[in-house]
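First up is the structure itself, then whatever we jot down about it.
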Amino acid sequence: MNNTEQQALFIIFGGTGDLAQRKLYPSLFNLYKRGYLKNHFAVIGTARRPWTDEHYHEVIKESIADLSDDEEKANDFASHFYYQSHNVNDTNHYVTLRDLADKLDEKYGLCGNRLYYLAMSPRFFGTICEHLKTQGIITKNGYNRVVVEKPFGHDYESAKALNDEIGSVFPERDVFRIDHYLGKEMVQNILAVRFGNSMFNAMWNNRYISNIQITLSEALGVEERAGYYETSGALRDMVQNHILQIVTLLTMNAPVSYSAEDISREKINALKSLKVYNADEVKENFVRGQYGNVAGLKAYRDEDQVASDSMTETFVAGKLAVENMDFAGVPIYIRTGKRMKEKATRIDVVFKQMPVVVFKDSCLKSDVLTINVDPEPGISIQLNTKKVGQNFDTESIDIGYSLSDEQKAEMPEAYERLILNALRGETMNFARWDELSYSWKFLDSIRKAWDDEDLSVVAFPNYACRTMGPKASDELLEKDGNHWEF
Ligand code: NAD
């Protein structure tokens with residue numbers, strides 16, 4: 001057997017859903033194409049609909065249609081999929097599921113290895129986990145790992161309750177909480193840039209860094225997710241997970257080794273160092289926004305399933321303070337929103353200006369290290385150099401690295417990478433419970449301050465579609481003498 005091949009039975013709860021069809025099946029197919037999945041794997045898709053295996057195979061082939069024109073390969077891949085009509089609250093259905101799982105284990109030689117992917121609403125996680133245990137679906141001879149999706153709670157208390165439910169069945173090492181940003185190539189590259197280059201390593205502190213900026217902007221609005229978004233908002237949807245994970249990777253101390261345990265320890269320390277704001281500090285350091293309409297694009301409040309007086313924020317900007325030796329005094333500006341000018345995920349590390357300007361008439365700019373996560377993965381550095389010519393003038397130039405087309409084609413998609421990590425038992429790119437608990441506590445303080453605020457003073461909508469958010473977001477930096485680099 002090829003030593004990169006993984007042996008496992010996937011049981012996907014929510015097998016007819018959007019996530020499964022758009023992300024999971026294509027990712028599994030890519031793993032199959034690359035040889036990580038070959039002969040020794042099977043997938044049981046479960047959901048309420050009464051589908052047959054034949055229909056399920058058609059759905060699978062449809063979801064991977066863009067990835068292959070090799071019909072034989074697509075057919076062989078789809079033949080590993082089995083559909084089980086299942087209501088997660090019906091105990092009898094788990095008995096049928098166990099029998100099918102055991103049969104497939106034997107048929108494909110899966111050694112009892114099982115990966116349970118909960119691609120459905122978190123309100124079902126508790127009952128699913130409990131039934132997996134009581135109905136004997138959890139095997140004794142192989143591994144049993146559970147993969148869960150965001151949102152993981154809507155505040156600290158609910159996240160803890162959810163974690164307790166899952167934790168009563170699965171030990172922490174077997175719980176894989178997806179934050180798909182941690183599966184992105186350039187997010188993973190943060191540690192390589194920081195800890196692989198003495199130049200940056202030496203300068204990665206408050207002596208040299210002026211400020212750090214993180215932007216996760218989306219061009220789309222809420223689309224079909226308005227029902228969920230109304231109860232979530234940008235703060236819970238993007239800041240608690242993706243943005244705070246990026247903040248920790250940028251501000252954590254060097255881990256002793258590149259291992260899940262050592263990295264998580266430092267990430268937790270970085271999160272513990274985040275200043276938790278009181279209500280006045282939230283007002284001073286956070287901006288919320290909601291998009292209004294422009295020609296051809298609806299305002300948030302006019303979207304389907306959104307209340308006409310909704311106070312849900314579709315934009316957040318904030319200034320975070322990391323109170324550790326290296327980052328005390330370095331503002332970490334974050335920004336995320338919907339219906340912004342363009343879709344981008346980008347990190348700008350802005351270095352301090354030279355303490356003395358030798359070239360009196362020159363206009364030196366700050367050095368900036370930019371990590372482009374999406375849509376064009378790459379890294380660039382903005383530097384001052386001499387302008388060509390007789391006079392001694394300076395100009396700012398960009399040195400850039402972007403992925404070649406070949407590299408981009410080779411680059412695994414975030415879900416593909418994370419599923420392989422889960423199959424290999426690698427927890428590094430998943431959010432551990434301690435990380436989540438600190439990030440929720442930080443977030444709850446902001447949410448509480450906003451919820452207690454007199455809503456009549458919050459003038460929504462306050463930014464137009466296709467802009468970079470409300471004016472107050474720019475002012476947040478301007479009052480520190482800074483500006484958004486992007
Ligand atoms: P979806 O509504 O498209 O799918 C939900 C699935 O759950 C369906 O297969 C449905 O049949 C099944 N289901 C619902 N109630 C059931 C029951 N009682 N018994 C058995 N099956 C039942 O949702 P989705 O978009 O696929 O999202 C799934 C989860 O992943 C959600 O928690 C969501 O927040 C999260 N998520 C989704 C995306 C995405 O891109 N879709 C991204 C990030 C996180």
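Both ligands and their constituent atoms are indexed starting at 1 by order of listing.
- The closest non-hydrogen atom to atom 3 (O) of ligand 1, taken over Asp18, Thr16, Leu118, comes from Asp18.
- A centroid separation of less than 6.0 Å is found between the aromatic rings of Tyr463 and Phe315.
- In this model, no donor atom of one side chain and acceptor atom of the other lie less than 3.5 Å apart for Tyr415 and Asn30.
- Classified by interplanar angle (parallel below 30°, tilted 30° to 60°, perpendicular above 60°), the ring pair Trp484/Tyr333 is perpendicular.
- Checked by distance only, ligand 1 and Ala20 stay at 3.5 Å or farther apart across all their nitrogen or oxygen atoms.
- Ligand 1 has an N or O atom lying under 3.5 Å from an N or O atom of Gly17, backbone or side chain.
- Each of the atoms 6 (C), 7 (O), 9 (O) of ligand 1 lies under 4.0 Å from some heavy atom of Gly14.
- Between Gln240 and Ser439, the side chains place a donor N or O and an acceptor N or O closer than 3.5 Å (distance only, hydrogens not considered).
- Taking the six-membered ring where the residue is Trp, Phe29 and Tyr32 present parallel rings, their angle staying beneath 30° rather than reaching 60°.
- Counting only heavy atoms, the protein gets under 4.0 Å from atom 41 (N) of ligand 1.
- Checking each of Lys150, Gln245, His242, Lys184 against Asp179 for a side chain to side chain donor-acceptor pair (under 3.5 Å) leaves exactly one that passes, namely His242.
- Closest to atom 32 (O) of ligand 1 by heavy atom, among Arg22, Met120, Arg48, is Met120.
- For the pair Lys150 and ligand 1, the shortest N or O to N or O distance falls below 3.5 Å.
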